[in-house]
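Written below as structure tokens is the structure these notes are about.
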Number of protein chains: 2
Amino acid sequence: MKHLIKVMKALSDPGRLKILKALENRKLCVCELQEVMGLAQSTVSKHLKILEEAGLVHWEKEGPWVNYALDKTTDNPYAAEMLAKMKNWLEDDATVSEMRFLLPEIHRDRIRKSLPDRTTS
Amino acid sequence: MKHLIKVMKALSDPGRLKILKALENRKLCVCELQEVMGLAQSTVSKHLKILEEAGLVHWEKEGPWVNYALDKTTDNPYAAEMLAKMKNWLEDDATVSEMRFLLPEIHRDRIRKSLPDRTTS
DNA sequence: AATACATATTGCCATATGTCGATATGGAGG
DNA sequence: CCTCCATATCGACATATGGCAATATGTATT
């Protein structure tokens, strides 16, 4: 039961749903996800940790970046089933559509370096 | 998005999952669900309200009782999909199995009347 | 060693959530 | 009207959650 609860809680925040919908498109590093979410970097890290612990995402290091992706081989069967469901969900949602539109412009090389947390664009 | 969040939040509490698994077996009134959950009556009412607002359950009056049942004709498509999923979930869960075992003994006519809230059996 | 970059962690704060006891509400019966 | 029964609502409290700024951590470069 606790595995199911972990997944349900992970999916109970709009921001985290947005992350998952973004990761359906491509893997993204924290600083890119920060742009996607428009929140503080620490907040993004916290959200990612919740998603990881629920078995919904996993990460790998690439140079200075930590890339996150949907966890296609997750141990948590509930996570797997929900990720499959999510593929069809929110396809008409305005927030998701807008994010889909802006995603191609979001790339780590275009994000300004050494600035305080970017909470607004 | 807010409809999806409502369902995910509703499914994020172990007690509420237990309610849904119980209602897979038969409709139940609040006092019976109180026995199932082993919590205060007011807590049970609150949980049921959350489930109802998420479109997961609905109620009908029968004499002095309010019977709750899974909402098979829910407006919320996410609720419908999750109810279908839930049918296969937690079938091996200890809490659910125990509840299934005890459910036949739980009936409104066998519940003592006019007592303070029954928080422990 | 110092500096830079990316990210994880910590601590604080405001708000949400789950639990309880008390009380209000709705309805039936005498 | 009063009493009883079942349930919804309210208010208080402890804990969880989501956001932020500050800081720690890991790695690479000079």
Side-chain angles (χ1 to χ4, degrees), chain A residues 2 5-6 8-19 27-54 57-68 106-120, chain B residues 2 5-6 8-19 27-54 57-68 106-120:
Chain A
K2 65 181 177 74
I5 293 291
K6 242 180 165 47
M8 293 296 115
K9 285 196 181 207
L11 298 178
S12 294
D13 176 71
R16 289 199 288 274
L17 291 180
K18 199 169 166 186
I19 290 179
K27 67 179 70 164
L28 291 155
C29 67
V30 180
C31 60
E32 287 167 331
L33 285 165
Q34 191 181 342
E35 293 285 318
V36 168
M37 296 188 76
L39 295 174
Q41 177 267 319
S42 57
T43 305
V44 177
S45 276
K46 236 181 192 172
H47 281 309
L48 287 167
K49 184 164 183 174
I50 290 164
L51 291 172
E52 184 195 353
E53 288 174 347
V57 302
H58 69 116
W59 59 267
E60 64 192 7
K61 200 73 187 290
E62 181 194 358
W65 296 285
V66 178
N67 289 330
Y68 281 81
I106 293 176
H107 199 272
R108 59 198 69 173
D109 291 328
R110 291 207 204 99
I111 294 169
R112 290 188 293 179
K113 312 268 165 86
S114 301
L115 278 180
D117 277 352
R118 303 170 296 270
T119 54
T120 54
Chain B
K2 67 180 175 69
I5 293 290
K6 245 184 165 35
M8 293 296 113
K9 286 196 179 204
L11 297 178
S12 294
D13 176 69
R16 288 200 288 275
L17 290 180
K18 200 168 165 185
I19 290 178
K27 68 179 69 161
L28 292 154
C29 67
V30 182
C31 60
E32 288 168 330
L33 286 166
Q34 192 180 344
E35 292 285 316
V36 168
M37 296 187 77
L39 295 175
Q41 177 267 318
S42 56
T43 304
V44 177
S45 276
K46 235 178 192 175
H47 281 309
L48 287 168
K49 184 165 185 173
I50 290 165
L51 290 172
E52 183 195 356
E53 286 174 349
V57 302
H58 69 116
W59 60 266
E60 64 190 10
K61 202 74 188 287
E62 181 194 353
W65 296 285
V66 179
N67 289 330
Y68 281 82
I106 293 176
H107 198 274
R108 62 198 68 173
D109 291 326
R110 294 208 200 99
I111 294 167
R112 292 188 294 178
K113 313 272 166 83
S114 299
L115 278 179
D117 276 353
R118 304 171 294 273
T119 56
T120 55

Report summary line: Taken to the nearest 0.5 Å, the spacing of His47(B) NE2 from Leu39(B) CG works out to 6.0 Å

Query raised in the report: Over how many whole Å does the gap from Leu33(B) atom CG to dA8(D) atom C1' extend?
Result: 15 Å

**Report entry** Ile5(B) and Leu17(A), any side-chain heavy atoms less than 4.5 Å apart
**Finding:** yes

Query raised in the report: Around Lys18(B), counting heavy atoms of other residues, nucleotides and ligands shown, do more than 12 lie under 6.0 Å from its NZ?
Result: yes

Requested in this report: Identify the two heavy atoms, one from Ala40(B) and one from Gln34(B), that lie closest to each other, and give their separation to 0.1 Å.
Outcome: C-NE2, 4.1 Å

Report summary line: Rounded to whole Å, CD of Glu32(B) lies from P of dA6(D) at a distance of 11 Å

Query raised in the report: Thinking salt bridges, do Glu60(A) and Lys27(A) make one under a 4.0 Å N-O criterion?
Result: yes

Report task. Determine, for Glu35(A) against Arg110(A), whether the closest basic-nitrogen to carboxylate-oxygen distance falls under 4.0 angstrom. Result -> no

Query raised in the report: Can you find a donor-acceptor pair, distance only, under 3.5 Å between Gln41(A) side chain and dA8(C) base?
Result: yes

Report task. Starting from P on dT7(D), measure out to CD1 on Ile19(B) and report it in whole angstrom. Result -> 13 Å

Query raised in the report: Is the shortest heavy-atom distance from the side chain of Asn67(B) to the side chain of Arg108(B) under 4.5 Å?
Result: yes

List every contact pair, protein side and nucleotides 12-18 of chain C side both N or O, where the distance is under 3.5 Å.
from    : atom 1 : to       : atom 2 : distance (Å)
dT17(C) : OP1    : Lys9(B)  : NZ     : 3.0
dG18(C) : OP1    : Arg16(B) : NH2    : 3.2
dG18(C) : OP2    : Arg16(B) : NH1    : 3.3

Report summary line: Rounded to whole Å, the CD-C1' distance (Glu53(B) to dT9(D)) equals 13 Å

Report summary line: Whole-Å distance, Leu48(A) CG to dG18(D) C1', equals 14 Å

Report task. Please state how far atom CD in Gln34(B) lies from atom P in dT19(C), giving the value in whole angstrom units. Result -> 13 Å

Requested in this report: Measure the CD-OH distance between Glu52(A) and Tyr68(A) for me, rounded to the nearest 0.5 Å.
Outcome: 5.5 Å

**Report entry** Nearest-neighbour nucleotide for the Val30(A) side chain, dT7(D), dA8(C), dA6(D) considered
**Finding:** dA8(C)

Query raised in the report: In Å and rounded to the nearest 0.5 Å, what is the NZ to OG1 distance from Lys46(A) to Thr43(A)?
Result: 7.0 Å

Query raised in the report: Please, what dot-bracket string fits DNA chain D when only Watson-Crick and G-U pairs with both distances under 3.5 Å count, crossing ones use [ ] and pairs to another strand use |?
Result: ||||||||||||||||||||||||||||||

Query raised in the report: Rounded to whole angstroms, how far apart are CD on Glu62(A) and P on dA28(D)?
Result: 13 Å

Query raised in the report: Tell me: CD of Glu60(B) to C1' of dA6(D), nearest whole Å?
Result: 16 Å

Query raised in the report: From dC20(C), dA6(D), dA6(C), pick the nucleotide closest to the side chain of Pro64(A)?
Result: dA6(C)

Requested in this report: Answer yes or no: does a side-chain N or O of Tyr68(B) lie under 4.0 Å from OP1 or OP2 of dA8(D)?
Outcome: yes

